[in-house]
Asks: 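My questions all concern the structure below.
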Amino acid sequence: MKVLLADEYGFCFGVERAVEMVEEAVAAGDTVRSLGPLIHNDQEMQRLASQGVATVELPIQITRSETAVIRAHGVTPEVQRDLESRSSKVVDATCPFVTRVQRLAARAASEDRHVIVVGSPDHPEMIGVKGYAPDHAFIIKDESEVAGLPRLKRPLIVSQTTIKAQTFFDTAEAIKSKTDDEVEIVNTICSATRDRQDAARALAGEVDAFYVIGGNHSSNSRKLLSVCKEQCDKSFLIETADEIKEEDLAGVERVGVTAGASTPKWLIDQVVAKLEGINLPSH
Ligand code: F3S
């Protein structure tokens, strides 16, 4: 049985960078506390926990001797200052793509312009971005919420990094009805999610079975599964190699593997090794 990996899979740039920054702090002997779960993968969180990395919900839970970590989603400037005042060391693992959105929002607010961010208002990334333009920003999910906006002053329109491009452009178009001023539209969508889906789609037509490695509750992993299923009936979402069932692989000659953006490489390696070790009866 041949095991084929999709061209793009697993940790996105921002998550990989955040985990590396945490590991560097651990290696330096720091007691590391992440504000909110560093990544949405139980196995990786357990691995980090075994190195003493713990998650806290509020800055107030961090003591002076501990190292505070800002995860890839970023935080508001207020929360950042709070962390800096409480902790002797703050590791800022905000993904640079998120930092870009924060800076754009801050710049527009400093010019007294409105900022419209297309995304989910309760997503941590959005809460952080809004903090950079507190009195100027509106977060709306899609074009259905445009009617609720006031008249806008020289608006800047940006996006949450993980939304669909079509949602962003349709919403941006609708927002133009809310102003007579010039509208600045900056597409700040990160391509990591789409790249993983495109690569899975490209491979799904060439294999007899497909394993997507990711959390059951992870929406990007479930989306990957549905992309694979469109072309490959035998597509499975698994969290670990233990969930591979040999009976599912009867008659399979080529098996595809991909993983969600929060799935660490060591888990992927375990799945590939297990699949490569399976000896199916020849037909
Ligand atoms: Fe950054 Fe994109 Fe990942 S914004 S955290 S690289 S999904």
Side-chain angles (χ1 to χ4, degrees), residues 10-106 109 115 117 119-134 137 139 158-163 188 190 192-193 214-215 217-221 260-264:
F11 274 2
C12 63
F13 162 75
V15 167
E16 183 164 16
R17 178 173 171 273
V19 172
E20 276 171 15
M21 289 171 87
V22 164
E23 281 181 330
E24 273 167 29
V26 169
D30 298 5
T31 305
V32 178
R33 299 288 174 257
S34 167
L35 183 63
L38 189 68
I39 69 167
H40 295 292
N41 181 279
D42 292 346
Q43 291 76 21
E44 180 70 351
M45 289 299 284
Q46 280 161 19
R47 187 187 71 86
L48 291 168
S50 73
Q51 298 182 8
V53 178
T55 300
V56 296
E57 296 307 321
L58 298 166
I60 199 169
Q61 293 168 275
I62 294 175
T63 58
R64 188 107 212 110
S65 62
E66 293 169 337
T67 293
V69 176
I70 298 172
R71 60 190 171 159
H73 297 312
V75 294
T76 64
E78 215 180 350
V79 169
Q80 177 145 8
R81 279 194 295 274
D82 197 5
L83 288 174
E84 282 163 359
S85 72
R86 289 177 192 283
S87 171
S88 50
K89 181 171 159 191
V90 176
V91 172
D92 182 1
T94 307
C95 175
F97 298 133
V98 175
T99 305
R100 177 175 175 233
V101 189
Q102 294 171 343
R103 291 207 177 124
L104 285 165
V115 180
V117 196
S120 304
D122 40 10
H123 190 285
E125 177 190 322
M126 295 291 87
I127 295 167
V129 168
K130 189 163 188 328
Y132 279 81
I139 302 170
V158 289
S159 50
Q160 185 175 331
T161 53
T162 44
I163 65 163
T188 49
C190 158
T193 310
H217 48 272
S218 146
S219 66
N220 85 76
S221 301
S262 311
T263 305

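Start at 1 with the first residue, then count along the sequence.
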Asks: Has Gln61 got a side-chain atom pairing as donor or acceptor with Leu58's backbone, closer than 3.5 angstrom?
Replies: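 Yes; at least one donor-acceptor contact below 3.5 Å.
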Asks: Can you find a side-chain donor-acceptor pair between Ser120 and Asp122 that sits under 3.5 Å?
Replies: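 On atom types as modelled, these side chains do not qualify, holding no pair under 3.5 Å.
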Asks: Taking NZ, NE, NH1 and NH2 as the nitrogens, is one of them in Glu20 or Arg17 under 4.0 Å from a carboxylate oxygen of the other?
Replies: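 Salt bridge flag = no for Arg17 with Glu20.
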Asks: State whether a side-chain donor-acceptor pair under 3.5 Å links Ser262 with Asn41.
Replies: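 Per modelled atom types, Ser262 and Asn41 side chains form no pair under 3.5 Å.
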Asks: Could you state the interatomic distance from CE (Met126) to OG1 (Thr161), rounded to the nearest 0.5 Å?
Replies: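 If we round to the nearest 0.5 Å, Met126:CE and Thr161:OG1 are 7.0 Å apart.
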Asks: Has the side chain of Thr67 got a donor or acceptor atom that lies under 3.5 Å from a matching backbone atom of Asp30?
Replies: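 Answer holds: no.
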Asks: Sub-3.5 Å donor-acceptor pair from the side chain of Arg33 to the main-chain atoms of Thr63, do we have one?
Replies: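 Checked: no pair found.
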Asks: Is a side-chain N or O of Arg71 found less than 3.5 angstrom from the main chain of Ile39, in a donor-acceptor match?
Replies: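 Checked: no pair found.
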Asks: In plain terms, say whether Glu23 and Arg47 are close enough for a salt bridge, that is, a side-chain N and a carboxylate O under 4.0 Å apart.
Replies: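 Arg47 and Glu23: salt-bridged.
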Asks: Quick one: does Asn220's side chain have a donor or acceptor within less than 3.5 Å of a partner on Ala261's backbone?
Replies: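 Pair found, side chain donor or acceptor close to backbone of Ala261.
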Asks: Are side-chain N/O atoms of Ser34 and Thr55 paired as donor and acceptor at under 3.5 Å?
Replies: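 Distance-only check fails for Ser34 and Thr55.
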Asks: Between the side chains of Gln80 and Glu84, does any donor sit under 3.5 Å from an acceptor?
Replies: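 Glu84 and Gln80 do have a side-chain donor-acceptor pair below 3.5 Å.
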Asks: Can you confirm whether more than 12 heavy atoms, excluding those of Ile60, are under 6.0 Å from its CD1 atom?
Replies: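 No.
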Asks: Angle class for the His40/His73 ring planes (parallel below 30°, perpendicular above 60°, tilted otherwise)?
Replies: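 Ring orientation, 0 to 90° scale: tilted.
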